[in-house]
Amino acid sequence: MQLFLDTANQAEVEAAVRMGVISGVTTNPSLVAKESGDYLARSKYFCQLVNGPISVEAIALDYEGMLKEARELAAIDERIVVKLPLTEDALAAINVLSKEGIKTNATLIFSANQALLAARCGATYVSPFVGRLNDIGQDGMTLIEEIKTIFVQFGIKSQIIAASIRSPRQVTEAALIGADIATVPFKILQQMIAHPQTDLGIAKFAADWQKRQ
Ligand code: E4P
């Protein structure tokens with residue numbers, strides 16, 4: 001399973017690229033709103049830095065507006081993936097964009113049917129939101145499992161991005177199920193690195209080394 005970083009923050013992307021652990025970046029309007037500066041220029045920089053897919057969400061919600069914005073975003077760099085929230089207009093837009101060779105990420109997916117529809121109209125990626133489903137008392141990981149089963153059963157090529165990840169354990173679970181990608185906030189990436197036994201082990205090795213004859 002590949003890891004994408006779920007952030008619009010430049011320092012976080014640079015740190016993750018330095019470690020060599022991420023294959024792409026996903027952003028959304030809330031993440032972009034937290035940062036200052038020109039987000040389109042930053043998205044282009046991320047494309048060069050990561051050399052992988054960078055998802056940028058269209059703000060327009062109507063069909064014509066989505067198409068216009070998607071084409072403008074895609075013109076920034078061939079690695080830009082246009083994120084569209086799952087609506088009837090978005091499905092129609094993805095249908096056209098996929099035929100133009102523009103990569104899309106169907107976002108805000110909360111059911112297997114939504115994922116199936118997005119895949120059928122040609123979405124490159126589908127993004128089921130695990131954490132937000134758990135927030136309302138449902139099981140986000142079961143959704144990943146259902147989508148995976150359906151996509152395998154019918155040879156569907158759209159890639160599954162496990163999104164809205166809130167804990168390192170969810171990354172492991174998404175990988176075990178066979179999600180193609182998990183997109184993780186930088187904080188979760190740091191939590192994936194850390195283990196108390198690693199810290200204790202480092203401290204003990206250092207102490208033993210100091211005591212050597
Ligand atoms: C995914 O593409 C979204 O940007 C993201 O995972 C949403 O996560 P949240 O539910 O923690 O905001």
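Residues take their numbers from the sequence shown, with the count starting at 1. For ligands, and for the atoms within them, numbers begin at 1 and follow the listed sequence.
The shortest non-hydrogen separation linking A90 to L84 is CB-CB, 4.0 Å.
Of all protein heavy atoms, the one lying nearest to atom 7 (C) of ligand 1 is F129 CE2, 3.5 Å. Regarding atom 4 (O) of ligand 1, its nearest protein heavy-atom neighbour is N28 ND2, 2.7 Å. Here the heavy atom of the protein found nearest to atom 5 (C) of ligand 1 is D6 OD2, 2.8 Å.
Side chain to side chain, N28 and E57 fail the donor-acceptor criterion of an N or O pair below 3.5 Å.
A side-chain contact (heavy atoms from CB on, under 4.5 Å) with Y125 holds for exactly one of N105, I160, T107, I109; it is N105. Tested against N9, the residues E14, R42, E35 include a single side chain to side chain donor-acceptor pair (under 3.5 Å) partner, E35.
With ligand atoms numbered from 1 in the order given, ligand 1 contributes 7 (C), 9 (P), 10 (O), 12 (O) to contacts under 4.0 Å with heavy atoms of R132. Ligand-side atoms of ligand 1 in range of K83: 1 (C), 2 (O), 3 (C), 4 (O), range being under 4.0 angstrom from any heavy atom. The distance from ligand 1 to the heavy atoms of A163 drops below 4.0 Å at these ligand atoms: 1 (C), 6 (O). Annotation for ligand 1: atoms under 4.0 Å from non-hydrogen atoms of R166 are 9 (P), 10 (O), 11 (O).
Of all the listed residues (P128, S164, G131, S55), S164 holds the heavy atom that lies closest to atom 8 (O) of ligand 1.
Sequence neighbours left out, the pairs with a member in residues 174-203 that pass side-chain hydrogen bond (donor to acceptor under 3.5 Å, both in side chains) are T26-T183.
Looking at R132 and D135, no side-chain N of the basic residue comes within less than 4.0 Å of a carboxylate O on the acidic one, giving no salt bridge.
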